[in-house]
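Okay, structure first, notes after.
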Amino acid sequence: MIKTKSGYIVLTIAIVFVLLSFGLQQSNSSDTKIVLLNPQQEYVAGSAIALSFTDTEGVNKTVMMVKSSYGSTVLTPKGNEFILPDFLAAKTGLVNWYLYSGNELKLQGNFTIVPNAVTTGIETYLGPRTINAGNENYTMMVTIPHDALDNPVADSTAITLKHQFKESIYEEALYTENFIAFERISAPKETGKMLLSSNCGVVATKEFEADVYAALPVNFTINYTRNHEYADGNQLTTIYTSELKDKYGNTVNDGTSVTFMIRNNNGNLLKTYGNTINGIAQSKIPSPEKEDSYTIKAYITGIAESNEVKISYKLALKGEINYAFSKDKRTITVGALQSFMKQLVPNGTTVLLKLYNKSGQEVSTIEEYTINGEAVFSLPKGEYNAKAYSFEISVMGHTQKTGLIQYESK
């Protein structure tokens with residue numbers, strides 16, 4: 001009997017084991033029962049996209065995670081299918097999906113959304129909008145055709161680029177690569193306005209403009225003009241350049257700055273500026289108040305330079321300097337001063353009066369300016385209280401000394 005019972009026990013255990021094994025196989029095999037019914041790998045942007053599955057396992061108990069260039073989102077089923085939202089279905093690119101039941105991944109896959117074949121618009125960028133003449137300079141036009149949902153079109157889409165300059169119109173075929181097409185348009189050797197446009201199929205861009213300006217100027221010459229050669233401190237000397245051009249013969253842009261460097265006989269360096277109008281820059285400098293020579297050279301900083309010119313100025317005041325003392329000798333009137341044609345010197349001419357004590361040491365220097373050819377100096381008693389002074393008068397390069405002048409004591 002014991003053996004018989006043992007036999008029953010063993011048989012019972014074997015049957016349970018078989019049933020459990022069959023149950024596990026049924027459970028594991030259920031993983032394979034969720035099947036994608038429409039394994040399409042490519043959809044057109046904007047079309048309705050729905051992934052349908054067999055419902056043996058109960059798709060309504062699952063969720064789907066979708067990852068695309070817009071990010072990630074979780075979808076719940078409607079019946080046995082998952083419908084992509086419109087904003088995802090309108091965006092081209094690779095879409096990955098993952099089907100979960102609880103925390104368990106049941107199925108996964110991917111598909112691609114491609115752009116609509118019909119081009120409805122073109123984004124176009126042009127820059128720079130101003131370029132210098134010459135083949136070493138260029139502007140670039142970038143064209144991005146897109147469909148009605150603003151998706152870039154497929155690579156190798158044909159685009160026609162056109163540009164016009166003066167009497168010539170040029171046309172070039174381009175093809176999109178990585179969603180864009182671009183072309184560098186070299187600057188011509190002449191100045192002017194360049195017009196550009198592009199089209200993709202029946203869609204065209206607006207007209208774009210690029211201005212071609214002169215290239216960097218080359219070396220140039222300068223010259224001068226003046227009314228007379230006398231150093232009267234009044235008349236202006238005009239320094240001017242030749243017409244500034246680039247190496248292709250184009251006149252440089254208005255407003256190009258030119259620096260005129262001036263060195264006089266004493267080695268002092270002066271500077272003045274001029275901006276070009278119709279390619280010519282000029283500047284005016286007053287003549288000196290005494291005999292001098294100016295050496296002038298012009299520069300466009302770091303780019304071009306001119307020749308040197310030398311301008312000499314002659315003495316305008318000749319003969320002795322007239323002067324007179326008041327009765328108390330506290331007022332000294334210098335003048336009337338006459339210039340090279342015996343005319344009165346210009347108002348504002350500088351006159352210097354130096355005072356020396358009776359030992360010959362300089363005490364003071366006073367500066368005054370002429371009015372109607374005369375300069376008047378005052379010597380207040382409280383400031384100048386010595387018993388005697390001698391004077392030195394300087395004007396327009398002339399110097400004249402007086403003898404010792406006696407003053408009353410305090």
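All values below were derived from every heavy atom in this structure, side-chain atoms included, with hydrogens, water molecules and symmetry-related copies excluded.
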**Request:** Step through it carefully: locate the ring centre of F391, locate the ring centre of F325, and say whether they are under 6.0 Å apart.
**Result:** yes
So, [X] versus [Y]: side-chain donor-acceptor pair below 3.5 Å or not?
X: Y175; Y: E177; result: no
X: N137; Y: N132; result: no
X: T399; Y: S394; result: yes
X: T251; Y: E243; result: yes

Is the shortest side-chain heavy-atom distance between [X] and [Y] below 4.5 Å?
X: L75; Y: V63; result: no
X: I159; Y: T176; result: yes
X: T295; Y: I262; result: no
X: F111; Y: Y43; result: yes
X: T143; Y: I180; result: no
X: E207; Y: S197; result: no
X: V258; Y: L244; result: yes
X: M64; Y: Y98; result: no

Show your working on side chain to side chain contact (heavy atoms under 4.5 Å, CB included) between V66 and F82 and close with a plain yes or no.
CA-CA 10 Å; V66 178; F82 293 86; over 6 Å; no
Let's go through Y170 and E172 carefully: what are the C-alpha distance in whole Å and the side-chain angles of both, what is the deciding distance for side chain to side chain donor-acceptor pair (under 3.5 Å) to 0.1 Å, and is it a yes or a no? CA-CA 7 Å; Y170 305 89; E172 187 171 355; over 6 Å; no
Do you know the tightest heavy-atom contact between [X] and [Y]?
X: A214; Y: N253; value: N-OD1, 3.6 Å
X: A215; Y: A133; value: CB-O, 3.5 Å
X: V203; Y: T119; value: CG2-O, 3.2 Å
X: Q282; Y: Y240; value: CB-CB, 3.8 Å
X: M141; Y: F208; value: CE-CD1, 3.7 Å
X: E368; Y: A375; value: CB-CB, 4.3 Å

message = Evaluate V44 against V114 for side chain to side chain contact (heavy atoms under 4.5 Å, CB included), listing each step before the verdict.
response = CA-CA 5 Å; V44 176; V114 297; 4.3 Å; yes
Donor-acceptor contact below 3.5 Å, side chain [X] vs main chain [Y]:
X: H398; Y: L317; result: yes
X: D246; Y: V218; result: no
X: T139; Y: P128; result: yes
X: S306; Y: A298; result: yes
X: T160; Y: S198; result: no
X: D147; Y: N116; result: yes
X: R330; Y: Y384; result: yes
X: N80; Y: T54; result: no
X: N265; Y: D292; result: no
X: N219; Y: A304; result: no

Only residue of N275, T241, T272 satisfying side-chain hydrogen bond (donor to acceptor under 3.5 Å, both in side chains) with S283 is T272
Ion pair check, [X] and [Y], cut-off under 4.0 Å:
X: K310; Y: E308; value: no
X: K247; Y: E136; value: yes
X: E209; Y: K193; value: yes

Given E367 and T350, is the side chain to side chain contact (heavy atoms under 4.5 Å, CB included) satisfied, shown in steps? CA-CA 7 Å; E367 186 177 279; T350 306; 3.7 Å; yes
Just list the side-chain donor-acceptor pairs under 3.5 Å for residues 227-238, sequence neighbours left out, or say none.
{"residue": "N227", "atom": "ND2", "partner": "Q235", "partner atom": "OE1", "Å": "2.8"}
{"residue": "H228", "atom": "ND1", "partner": "Y230", "partner atom": "N", "Å": "3.1"}
{"residue": "H228", "atom": "NE2", "partner": "D232", "partner atom": "OD2", "Å": "3.4"}
{"residue": "E229", "atom": "OE2", "partner": "K314", "partner atom": "NZ", "Å": "2.9"}
{"residue": "D232", "atom": "OD1", "partner": "N234", "partner atom": "N", "Å": "2.9"}
{"residue": "D232", "atom": "OD1", "partner": "Q235", "partner atom": "N", "Å": "3.2"}
{"residue": "D232", "atom": "OD1", "partner": "S287", "partner atom": "OG", "Å": "2.9"}
{"residue": "T237", "atom": "OG1", "partner": "Y313", "partner atom": "OH", "Å": "2.7"}
{"residue": "T238", "atom": "OG1", "partner": "K284", "partner atom": "NZ", "Å": "2.9"}

Notebook entry, point to check: Yes or no on side chain to side chain contact (heavy atoms under 4.5 Å, CB included) for I296 and I239, after CA distance, side-chain angles and deciding distance?
Noted result: CA-CA 9 Å; I296 305 175; I239 315 164; 3.5 Å; yes
message = More than 12 heavy atoms of other residues, nucleotides or ligands under 6.0 Å from CG of D86: yes or no?
response = no
(Q) Using a 6.0 Å distance limit plus a 45 degree cone around the ring axis, check whether K342 lies over the aromatic ring of F340. (A) no
Residues 66-76 vs side-chain hydrogen bond (donor to acceptor under 3.5 Å, both in side chains), sequence neighbours excluded, gives none
